[in-house]
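In what follows, residues are counted from 1 in the order of the sequence shown. Since the model is a prediction, treat every value here as computed from it, not as a measurement.
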Amino acid sequence: MSWGLDLWDKYENVGKHTDKGIDFLDKYYNFLKKRCEIEQSYANELKKLVKNNQPRKKEEEDYQFTTAQAFLDMLKEVHDMAGQHEMIAESTQQQLMADIKKCVMELRTDRQKALNDGVKFQNQLKESLKMLDAAKKTYERKFQEAERASETFHRADADIHLSRADVEKTRQTSLRKTQEAEESKNEYASQLQTTNRFQHEYYTMLMPQVFQQLQDVDEKRISMVKTVIEGSAALENSVLPILKSCIEGMNKAAQSINRSADSQMFVEKNRTGFQIPGDIPFDDLSSGGSNSNSLNNRNLSPADVTRNDKRTTVKGTGTEKGKKDKKRGGLFKIFGNTATDEQKDEFPNEPAQRRVKLQKKIDEIKSRISHETNERYVDEIKSRISHETNEREGMMKMRDVYMANPQLGDADVLTKKLDLNTQTINELQLELKKFEDMLDNTKNELSGGVMRRHGSDDSMTHSINSVDSSQMHPSAPGTPMPQHNNTQEEYYEPVEDPVVDHPPPDEFDEYPVIGSCRALYAFDAVNEGSVSMVENEEMSVLEQDQGDGWTRVRKYNNEEGFVPTTYIQCHFYDQDAV
């Protein structure tokens, strides 16, 4: 099939068709442009929605439950899905749209070149036909003049009244006209041959080439449309595994919801640690005493009794225990005592909850002290490395001078000093690496182990306090350090009123639950104080790693002990972040 042979007489239709084809490719380009804008807008709206649903500072405690954590995990997956739509938009712009734009420019250039060649060949054919027509008209005119001159000569030759000179004159005229007619005939015949030869070449070679160029332009445009559609499908297909992974992540988040764990967490967050009130004693009026005070106190909750006792007058002091001191609350008492209010909110009245808060504060202070100490050591080591490096450069320059002029000094002595300097720098770099690692660890502890998820956006981070299960199986640390037993400080606040029954101090010997963890690997306990665990076993965290590589946990059978920190994945109730 060839346009030059089958459509030789439809040159204008071919030109219009190719022009419409390129316009169609332009239309497809605009479609992809609008599609990219929609994909980008959709991704931005999804990210904005995720950001608006992140927990605020005052809502962090509510997001410790498994339902809230599952919701946050679902938000992360939605954020990742938004990132895939962004990738589709960017890839479409950088690959497909750029190819279409370049192709349209090339097609328009090739089409215009073919059309220019066609116009040139058409003008040549028209010029040849015009010359042929002119030669034919000249021949016709000359032939008619020759015919009339010949008739005039024959009449003059037959006329006896004309002189011999007049007859000879008409004969010469007839011969000249006949010769001119013959010459015009030859010119006409030659032009006819030239025109026929060019016309044959025009229809069999020149114009078919032009048609072929236009056909190539149109077929290239068709191939580009096919390639772009296939490319769009390939881009969609490339993100399907990640979208599927996001959906699986949503399902996993839904499966992670544990109503029993949420109920237990609510108990841990709100229990006071007081004992349930006993039976109300009989008030025997005949004995002359009254237990009305004790009766009233026993009708109240232990927390209310404690608060009421703090407001009552202490015997023998003459002052009110709960009376507030008169302090300036700011300029003209406009502003309240915010520091006191914040401290009251931070350390609640319930002893068990207050103990958890105090332990959290102690751990935070220890982490900050460790962080500041490591930073100071890192700065000192960097300063020493800089000093040793400068000394090394100076000795190298001096050694070069000594080698060039041995009379000034011994270069071997400097070589030995350079070796010692190199060894010192290497040792300092190793020590710097050690303290930088320690500094990174303290930074992670201070930030709650926040790290980026999927490498996508700064706002999408989550808490992680263990190594990835896909890494190499870690080795267990040494024997648990004894200072773990001393990190939990006892806090007991006595109340003056002897009527109120307080729990004994031994009640606080039990470690509070500060988080949960899952075993990444199986572990067999061989040291005293450690406990065994199986892979994927869920446990409660009682005490964080104190730097020796061990974490105190409690199993569901109430067995407590230490397990390697690198063998578990922890989620602390007060450090979860997105």
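Between Gln172 and Glu168, the side chains place a donor N or O and an acceptor N or O closer than 3.5 Å (distance only, hydrogens not considered). Gln215 and Glu219 are linked by a side-chain donor-acceptor pair at a separation below 3.5 angstrom, with hydrogens and angles left out of the test. Remark: the Gln112 side chain and the Asn116 side chain contain an N/O donor-acceptor pair separated by less than 3.5 Å. A donor-acceptor contact closer than 3.5 angstrom is absent between the side chains of Gln95 and Asp99.
For the pair Ser238/Met87, a side-chain contact is recorded, criterion being any heavy-atom separation below 4.5 Å from C-beta on. Inter-residue side-chain proximity for Met97 and Thr92 is flagged as met; some heavy-atom pair is nearer than 4.5 Å. Using a 4.5 Å cut-off on side-chain heavy atoms (C-beta onward), Val239 and Met81 make no contact. Looking at heavy atoms from C-beta onward, His17 lies out of side-chain contact with Leu214 at the 4.5 angstrom threshold. Using a 4.5 Å cut-off on side-chain heavy atoms (C-beta onward), Leu115 and Tyr11 make contact. The shortest distance between side-chain heavy atoms of Leu25 and Tyr29 does not fall below 4.5 Å. Put simply, the side chain of Asn186 reaches to within 4.5 Å of the side chain of Glu182, judged on heavy atoms. Looking at Lys76 and His79, their side chains never come closer than 4.5 Å, going by heavy atoms from C-beta outward.
Scored by the salt bridge (charged side-chain N to carboxylate O under 4.0 Å, His left out) test, Glu537 finds Lys555 as partners (sequence neighbours excluded). Scored by the salt bridge (charged side-chain N to carboxylate O under 4.0 Å, His left out) test, Lys137 finds Asp133 as partners (sequence neighbours excluded). Residues passing the salt bridge (charged side-chain N to carboxylate O under 4.0 Å, His left out) test with Lys220, sequence neighbours excluded: Glu106.
Between Tyr188 and Tyr139, the ring planes are parallel. Angles under 30° get that label, and only those over 60° would be called perpendicular.
Classification of Asp110 and Lys113 as a salt-bridged pair fails, no side-chain N sitting under 4.0 Å from a carboxylate O. Of the charged side-chain nitrogens involved, none lies within less than 4.0 Å of a carboxylate oxygen, so that Lys252 and Glu248 do not count as a salt-bridged pair. A salt bridge links Asp218 with Arg221: the distance from a Lys NZ or Arg NE/NH1/NH2 to an Asp or Glu carboxylate oxygen falls below 4.0 Å.
When all heavy atoms of Ser256 and Ala253 are compared, the pair lying nearest together is OG-O, 2.5 Å. Contact record, Gln54 with Val50: NE2-O, 3.1 Å, taken as the closest heavy-atom pair. Taking every heavy atom of both residues into account, Lys142 and Ala181 meet most closely at O-CB, 3.4 Å. The shortest non-hydrogen separation linking Thr170 to Val167 is OG1-O, 2.6 Å. The two residues Gln209 and Met205 make their nearest non-hydrogen contact at CG-O, 3.0 Å.
Taking the six-membered ring wherever Trp is involved, the centroid distance between the rings of Tyr521 and Tyr567 falls below 6.0 Å.
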Item to complete: Check step by step if side-chain hydrogen bond (donor to acceptor under 3.5 Å, both in side chains) holds for Asp216 and Gln212.
Response: CA-CA 6 Å; Asp216 293 341; Gln212 186 62 44; 3.0 Å; yes

Worksheet item: side chain to side chain contact (heavy atoms under 4.5 Å, CB included) between Asp6 and Phe211: does it pass, once the steps are laid out?
Response: CA-CA 10 Å; Asp6 298 332; Phe211 278 98; over 6 Å; no

Worksheet item: Under the side chain to side chain contact (heavy atoms under 4.5 Å, CB included) criterion, do Phe65 and Met265 qualify, and how do the steps go?
Response: CA-CA 7 Å; Phe65 298 99; Met265 186 182 301; 3.9 Å; yes

Worksheet item: Under the side chain to side chain contact (heavy atoms under 4.5 Å, CB included) criterion, do Phe121 and Met207 qualify, and how do the steps go?
Response: CA-CA 7 Å; Phe121 297 147; Met207 288 306 294; 4.1 Å; yes

Discussion item. Using the rule given for salt bridge (Lys or Arg N to Asp or Glu O under 4.0 Å), can you reason through Glu380 versus Arg384, listing the C-alpha separation, both sets of side-chain angles and the distance that settles it, and then say yes or no?
Written reply: CA-CA 6 Å; Glu380 290 179 358; Arg384 290 180 60 189; over 6 Å; no

Fill in: Pair Leu125-Leu206, side chain to side chain contact (heavy atoms under 4.5 Å, CB included): steps then yes or no
CA-CA 11 Å; Leu125 180 61; Leu206 297 178; over 6 Å; no

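Between Thr67 and the options Asn258, Asp262, Leu72, a side chain to side chain contact (heavy atoms under 4.5 Å, CB included) holds for only Asp262.
Within a 6.0 Å radius of OH in Tyr202, other residues, nucleotides and ligands contribute more than 12 heavy atoms.
Residue pairs meeting the side chain to side chain donor-acceptor pair (under 3.5 Å) criterion with at least one partner in residues 18-28, sequence neighbours excluded, are Thr18-Arg111, Asp23-Arg108, Asp26-Arg108.
In this structure a side-chain-to-backbone donor-acceptor pair under 3.5 Å is missing from Asn421 to Lys417. Checked by atom type and distance alone, the side chain of Thr109 pairs as donor or acceptor with a backbone atom of Met105 at under 3.5 Å. Looking at Ser174, its side chain never comes within 3.5 Å of a backbone N or O of Arg171 through a donor-acceptor pair. Here the side chain of Thr138 pairs no donor or acceptor atom with the backbone of Ser184 at under 3.5 angstrom.
Distance check: Thr195 OG1 to Lys130 NZ gives 13.0 Å after rounding to the nearest 0.5 Å. How far NZ of Lys126 is from CG of Leu129: 10.0 Å, rounded to the nearest 0.5 Å. In this structure, CZ in Arg518 is found 5.0 Å from CG in Asn536, a value given to the nearest 0.5 Å. Note: Thr194 OG1 to Gln199 CD = 12.5 Å, rounded to the nearest 0.5 Å. Rounded to the nearest 0.5 Å, atoms CD1 (Ile100) and CG (Leu107) are 11.0 Å apart. For the atom pair CG of Leu192 and OG of Ser128, the computed distance is 9.5 Å after rounding to the nearest 0.5 Å.
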Listing, residues 146-162 side-chain donor-acceptor contacts under 3.5 Å, not counting sequence neighbours, or none:
unit_1, atom_1, unit_2, atom_2, d
Thr152, OG1, Arg148, O, 2.9
Asp159, OD1, His161, N, 3.2

Just distance, no hydrogens or angles: give the donor-acceptor pairs under 3.5 Å from side chains in residues 31-43, sequence neighbours left out.
unit_1, atom_1, unit_2, atom_2, d
Arg35, NE, Glu39, OE2, 3.0
Arg35, NH2, Glu39, OE2, 3.1
Arg35, NH2, Glu236, OE2, 2.1
Glu39, OE1, His85, ND1, 2.7
Gln40, NE2, Asn44, OD1, 3.4
Gln40, NE2, Glu86, OE2, 3.3

